[in-house]
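As C-alpha cells, the structure follows; a few thoughts come after it.
Throughout, protein chains are lettered first and strands after them, A, B, ... in sequence-line order, and every chain is numbered starting at 1.
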2 protein chains.
Amino acid sequence: MAKLTTQRQALLDIINASHRHWDADELARAMSDAGQSIGIATVYRGLAALESQGLIDSIQLADKKRYERADKAHHDHMVCTECGHIEEFSHQTIEQLQLAAAHEKGFTLTGHQLVMFGLCHQCAKGSES
Amino acid sequence: MAKLTTQRQALLDIINASHRHWDADELARAMSDAGQSIGIATVYRGLAALESQGLIDSIQLADKKRYERADKAHHDHMVCTECGHIEEFSHQTIEQLQLAAAHEKGFTLTGHQLVMFGLCHQCAKGSES
DNA sequence: CAGATAGGTGATAACGATTATCGTTATGTC
DNA sequence: GACATAACGATAATCGTTATCACCTATCTG
C-alpha cells in the first residue's frame with residue numbers, strides 16, 4: 001500500500017549512502033541541504049513506511065529513534081555514552097541463546113534489541129586520569 | 001549526598017513489595033492510594049536518586065522508563081507487545097559473550113540492556129486464527 | 001478526458017514523558 | 001536559633017513524536 005515516493009526514495013538514498021545512524025531531524029536537515037526541503041511530519045511518516053517495508057532498520061535509544069540502512073545482516077549496537085559514537089557488532093551465538101531463552105519462557109519472539117553502553121576506545125583514552 | 005527521605009523510602013518500599021515494573025505515574029498513584037500524595041516531579045527525582053544509589057533498577061522501553069527492585073541478580077527482559085507483560089530472564093553465557101564482543105571493539109562496558117519483543121504464552125494462544 | 005479513489009504532503013496543534021524553575025519547607029550543623 | 005543544603009510541589013518548559021486537516025498527486029475506470 002505504502003508508496004515509495006520521490007521524497008521517501010531520497011530519504012532511503014541518504015540512509016543507504018552512509019553507515020551513520022540518523023535521527024529524523026538530521027534527515028530533514030540533510031534533505032534541506034540537498035535542496036529538497038521536507039516537512040518533519042513527512043520525514044517521520046516516510047521513515048515509518050520504509051521501516052515497515054524492511055528497507056531500513058532502526059534502533060530505539062533512550063531519547064530518540066535512529067535509522068540505519070537495512071542491507072546488512074542483523075546486528076546489535078554499542079553506544080559510547082561520551083561521544084555518542086555507535087559501533088555495530090553481531091554475534092550468532094547470542095542470537096541463538098536469546099531464541100532459546102524466549103522459547104523457555106513461552107514467548108513467541110518477534111524482535112529484540114541489545115544495546116551496550118560504555119566508552120569507546122577514543123573516549124576511554126581521553127578520560128584516563 | 002542524596003537523602004533517603006520518607007517519600008523516597010515509601011517509593012522504595014512499594015517497588016520492593018512486588019515484582020512489577022513501575023512507571024513514574026503508577027508510583028505516584030500508588031502513593032496517593034496509600035494516603036501520601038506526592039508531586040510527580042518528586043517521584044522522578046526520587047527514582048533518579050534511588051537508581052543512582054543502586055537501590056532500584058530500571059529498564060528503558062520505547063515510550064517510558066520502568067523501575068523495578070534491585071535485589072536480584074542482573075537480568076534482562078522479554079516484553080509482550082500485546083498485553084505489556086514483562087518476563088525476566090538471565091543468561092550467564094549471553095553476558096559473557098557481550099563482554100567479549102565489547103572488548104573486541106575497544107569498548108569499556110558500563111552497562112547494557114537487552115529487550116526482547118514478542119507474544120507471551122497467553123497472547124500467542126489468543127491470537128491463533 | 002472526467003471523475004473517483006487512495007495515499008502523500010506540510011504547517012501546526014496536540015500529546016506524553018521527563019526536566020527545569022522557583023518559592024517554600026524540612027533537615028542537619030555550628 | 002541561624003544558616004546552609006537539599007527536597008518538595010505546582011507548574012511551565014522541553015523535546016521527540018503523532019494527529020489533524022486542508023490541499024495536492026498519482027492512478028484507475030469508464
Side-chain angles (χ1 to χ4, degrees), chain A residues 1-15 20-53 55-68 77 79 81 84 86 113 115, chain B residues 1-15 20-53 55-68 79 81 84 86 113 115 117:
Chain A
M1 232 90 309
K3 295 174 185 168
L4 191 56
T5 63
T6 310
Q7 291 178 300
R8 291 182 183 175
Q9 183 65 60
L11 285 172
L12 182 55
D13 288 345
I14 293 173
I15 293 170
R20 291 186 46 184
H21 297 78
W22 303 80
D23 65 30
D25 219 54
E26 289 168 348
L27 285 165
R29 244 176 297 130
M31 291 281 285
S32 208
D33 291 350
Q36 353 180 15
S37 101
I38 185 174
I40 190 66
T42 304
V43 174
Y44 279 106
R45 276 183 301 232
L47 290 173
L50 290 171
E51 184 175 16
S52 77
Q53 290 173 278
L55 298 174
I56 58 175
D57 278 340
S58 73
I59 47 172
Q60 174 71 52
L61 299 185
D63 51 342
K64 61 176 65 160
K65 207 166 175 181
R66 287 187 171 276
Y67 297 84
E68 63 178 337
H77 300 88
V79 181
T81 50
I86 299 178
Q113 183 178 287
V115 180
Chain B
M1 231 89 313
K3 296 174 187 169
L4 191 55
T5 64
T6 309
Q7 292 178 301
R8 290 180 185 177
Q9 183 65 60
L11 285 172
L12 182 55
D13 288 345
I14 292 173
I15 293 170
R20 290 186 47 184
H21 297 77
W22 303 81
D23 65 31
D25 219 55
E26 290 167 347
L27 285 164
R29 245 177 295 129
M31 291 281 285
S32 209
D33 291 350
Q36 352 179 17
S37 100
I38 186 174
I40 189 66
T42 305
V43 173
Y44 279 105
R45 276 183 301 231
L47 289 172
L50 290 171
E51 184 175 16
S52 78
Q53 290 173 276
L55 298 175
I56 57 175
D57 277 342
S58 73
I59 47 171
Q60 173 71 52
L61 300 184
D63 51 344
K64 60 176 66 163
K65 208 167 176 180
R66 288 187 171 276
Y67 296 85
E68 62 178 334
V79 181
T81 50
I86 300 179
Q113 181 179 287
V115 180
F117 305 100

**Request:** Indicate yes or no: at least one non-hydrogen side-chain atom of B:Thr6 is less than 4.5 angstrom from one of B:Gln9.
**Result:** no
**Asked** Quick one: on DNA chain C, does B:Thr6 or B:Gln60 contact a more 5' nucleotide (nearest heavy atom)?
**Response** B:Gln60
**Fill in**
The answer to which of B:Ala49 and A:Ala24 contacts DNA chain D further toward the 5' end, by nearest nucleotide, is B:Ala49
**Rounded distance (nearest 0.5 Å) linking atom CD1 of B:Ile14 with atom CD of B:Gln36** = 7.0 Å
**Prompt:** Roughly how many Å is it from CZ in A:Arg8 to P in C:dG7, rounded to a whole number?
**Reply:** 11 Å
**Asked** Between A:Ala2 and B:Asp25, which has a closest nucleotide on DNA chain C that is more 5'?
**Response** A:Ala2
**B:Arg66 side-chain N/O to B:Ile59 backbone N/O, donor-acceptor pair under 3.5 Å** = no
**Complete:** Taken to the nearest whole Å, CG/A:Asp63 to P/C:dA17 is 17 Å
**Message:** For a 4.5 angstrom cut-off between non-hydrogen side-chain atoms, does A:Glu51 reach A:Lys65?
**Reply:** yes
**Request:** Enter the inter-axis angle for the ends of the helix from C:dC1-D:dG30 to C:dC30-D:dG1 (five pairs per end, rounded to 10°).
**Result:** 20°
**Asked** Is there a side-chain contact between B:Ile56 and B:Leu11, using heavy atoms and a 4.5 Å cut-off?
**Response** no
**Prompt:** Which whole-number value in Å describes the distance from B:Leu4 CG to D:dT5 P?
**Reply:** 22 Å
**Request:** Rounded off to whole Å, could you give me the CG-to-P distance for the B:Asp23 and C:dT19 pair?
**Result:** 14 Å
**Separation of atom CG in A:Leu50 from atom P in C:dG8, rounded to whole Å** = 11 Å
**Item:** Interface residues of residues 38-47 of chain A with DNA chain C (non-hydrogen, below 4.0 angstrom)
**Value:** A:Ile38, A:Gly39, A:Ala41, A:Thr42, A:Arg45
**Whole-Å gap separating P (C:dA17) and CG (B:Leu61)** = 12 Å
**Message:** I need the CG-P distance between B:Leu27 and C:dT18, as an integer number of Å.
**Reply:** 11 Å
**Fill in**
d(A:Leu12 CG, A:Leu50 CG) to nearest 0.5 Å is 5.5 Å
**Item:** Chi angles and distances behind the side chain to side chain donor-acceptor pair (under 3.5 Å) call for A:Glu68, A:His77
**Value:** CA-CA 12 Å; A:Glu68 63 178 337; A:His77 300 88; 3.2 Å; yes
**Request:** Establish, with yes or no, whether the OP1 or OP2 oxygen of C:dA26 is under 4.0 angstrom from a side-chain nitrogen or oxygen of B:Gln7.
**Result:** no
**Asked** Does A:Thr5 make a side-chain N or O approach to OP1 or OP2 of D:dT25 shorter than 4.0 Å?
**Response** no
**Protein-nucleotide distance (B:Arg66, atom CZ; C:dT18, atom C1'), rounded to Å** = 15 Å
**Asked** Under 4.5 Å between any side-chain heavy atoms of B:Asp57 and B:Tyr67, yes or no?
**Response** no
**Message:** Please pick, from D:dA7, C:dG8, D:dT17, the nucleotide with the shortest atom-to-atom distance to any side-chain atom of B:Lys3.
**Reply:** D:dA7
**Prompt:** So, are A:Asp33 and A:Arg29 salt-bridged, with charged N and O less than 4.0 Å apart?
**Reply:** no
